[in-house]
Amino acid sequence: MIVLHYTAMQSAEAALARLCDPGAEVSAHYLISERGEIWQMVEEEQRAWHAGAGQWGAVVDVNSRSIGIELANTGAHPFPEPQMHALEGLMSAIMTRWPIPPERVIAHSDMAPARKFDPGARFDWRRLARAGLSVWPEPGRADTGPETGAGAFLAAAERFGYPSSGAEDLETILAAFRLRFRPSARGPLEAADCAALQDLAARFPVDRARPSA
C-alpha cells in the first residue's frame with residue numbers, strides 16, 4: 001500500500017528533522033515540501049514507522065506492508081501545485097516498481113479513523129483518481145439504487161477496507177469517509193454517503209486476494 005500523511009508542522013525542514021530523529025520514533029519513506037522537493041529517508045523495501053496502530057482490510061501491521069509519504073502541510077491550507085506535481089510523479093514511479101493498484105493508496109485517516117485526520121479535507125483525492133493514482137466513487141454506475149441506513153453503510157465500509165464496525169462506530173467511519181470523499185458534507189448519514197461507499201466497495205473490495213497481515 002501507499003499511505004499519505006501531512007506533517008502538521010510549520011515547515012518541511014522541521015518535519016525532516018523530526019523524521020530523522022531516532023528519539024521521535026517516527027519515520028516515513030518520503031517527505032515532500034510545499035516547493036516540491038523530495039527527501040527519501042527510508043528505502044522502499046524497508047519498514048518505516050509512519051502508520052502506527054490501525055488496519056486496512058485484513059492488514060493489521062500496515063507499517064510492514066506500505067510505503068509512507070509525508071506532505072509538508074499544517075492541515076489548514078491547500079496543497080500547492082509544485083507539491084502535488086511532485087507527489088504524482090513519485091507515486092507513479094512507486095506504483096510501477098511495486099504491485100500497488102490505485103485502490104491500495106489510502107489516507108492515514110482511512111486506516112486509523114479514530115485517531116488520525118491526515119492528509120485532511122484540503123487534500124485533492126479526486127485529482128489523484130483522475131491520474132489513475134487513487135480511486136473515486138461513481139455511484140451513478142450502479143444498476144440498482146443503494147441500500148441506505150447505518151448497517152448498509154458500515155457493511156460497505158468494511159468491504160472497502162475501513163476497520164470493521166465492531167472496532168469503530170458509525171460516526172467515526174462516516175467522518176473518515178467524508179474527510180476523503182465528501183469533505184463538504186455535514187450532519188447525519190445521508191443516502192449520498194451510502195451510494196458513494198457502496199460503489200467503492202463493489203468496484204474495489206479490499207481483500208479480494210486476502211493478503212496476510
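Quick caveat, the model's predicted, so the values are computed rather than measured. Residue indices begin at 1 and follow the sequence shown.
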Quiz item: Do Arg104 side-chain atoms and Val206 backbone N/O form a donor-acceptor pair below 3.5 Å?
Solution: yes
Practice problem: Could you tell me whether the side chain of Ser33 and the main chain of Arg35 form a donor-acceptor pair under 3.5 Å? | Solution: yes
Practice problem: Output yes when Arg203 and Asp199 qualify as a salt bridge under the 4.0 Å nitrogen-oxygen rule, no when they do not. | Solution: yes
Exercise. Identify which one of Trp125, Trp136, Phe123 satisfies the ring pair (Phe, Tyr, Trp, His ring centres under 6.0 Å) criterion when paired with Phe181.
Key: Trp136
Quiz item: Got a sec: does the CD of Glu45 have more than 12 other heavy atoms crowding it under 6.0 Å?
Solution: yes
Self-check item: Interatomic distance, Leu4 atom CG to Ile67 atom CD1 [nearest 0.5 angstrom]
Solution: 11.0 Å
Quiz item: Looking only at heavy atoms, which two atoms of Pro78 and Asn73 are closest? And how far apart?
Solution: O-ND2, 3.5 Å
Quiz prompt | For Trp56 against Tyr162, the heavy-atom pair lying closest together | solution = CZ3-N, 3.4 Å
Quiz item: Can you name the residues that form a salt bridge (Lys or Arg N to Asp or Glu O under 4.0 Å) with Glu171, not counting sequence neighbours?
Solution: none
Quiz item: Are the side chain of Asn63 and the backbone of Ala51 linked by a donor-acceptor contact shorter than 3.5 Å?
Solution: yes
Quiz item: So, the side chain of Gln83 versus the backbone of Leu71: is there a donor-acceptor pair under 3.5 Å, distance only?
Solution: no
Quiz item: Between the main-chain N or O of Gln46 and the side-chain N or O of His29, is there a donor-acceptor pair closer than 3.5 Å?
Solution: yes
Practice problem: Check whether Phe79 and Leu179 end up in the same hydrophobic cluster, where Ile, Leu, Val, Met, Phe, Trp and Tyr are linked by side-chain heavy atoms less than 4.5 Å apart. | Solution: yes
Quiz item: Under the side chain to side chain contact (heavy atoms under 4.5 Å, CB included) criterion, do Arg127 and Leu133 qualify, and how do the steps go?
Solution: CA-CA 9 Å; Arg127 170 174 170 159; Leu133 301 173; over 6 Å; no
Exercise. Could you tell me which non-hydrogen atom of Ala72 sits nearest to which non-hydrogen atom of Ala12, and how far apart they are?
Key: CB-CB, 3.7 Å
Self-check item: Closest heavy-atom pair and its distance - Arg115, Ala53
Solution: NH2-O, 2.7 Å
Exercise. Could you tell me whether the side chain of Thr96 and the main chain of Ser92 form a donor-acceptor pair under 3.5 Å?
Key: yes
Practice problem: Heavy atoms only: give me the nearest Ser109-Ala176 pair and the separation to one decimal. | Solution: O-CB, 3.7 Å
Practice problem: Could you tell me whether Arg18 atom CZ has more than 12 heavy atoms of other residues or ligands within 6.0 Å of it? | Solution: no
Quiz item: side chain to side chain contact (heavy atoms under 4.5 Å, CB included) between Glu88 and Leu128: does it pass, once the steps are laid out?
Solution: CA-CA 7 Å; Glu88 288 171 327; Leu128 289 191; 3.9 Å; yes
Exercise. Would you check if the side chain of Thr74 reaches a backbone N or O of Gln10 as a donor-acceptor pair within less than 3.5 Å?
Key: no
Quiz item: For Ile69 and Leu90, which heavy atoms make the closest approach, and how far apart are they?
Solution: CD1-CD2, 4.0 Å
Self-check item: Met1 with Ile100, same ILVMFWY side-chain cluster at under 4.5 Å
Solution: yes
Quiz item: Distance-only, no hydrogens or angles: does the Gln198 side chain make a donor-acceptor pair with backbone N or O of Leu200 under 3.5 Å?
Solution: no
Practice problem: Would you check, one step at a time, whether the test side chain to side chain contact (heavy atoms under 4.5 Å, CB included) holds for His50 with Ser66? | Solution: CA-CA 9 Å; His50 64 95; Ser66 64; 3.0 Å; yes
Quiz item: Would Ile2 and Val26 show up in the same hydrophobic cluster when neighbours are defined by side-chain heavy atoms closer than 4.5 Å?
Solution: no
Exercise. Check whether the ring centres of Phe177 and Phe153 lie less than 6.0 Å apart, and answer yes or no.
Key: yes
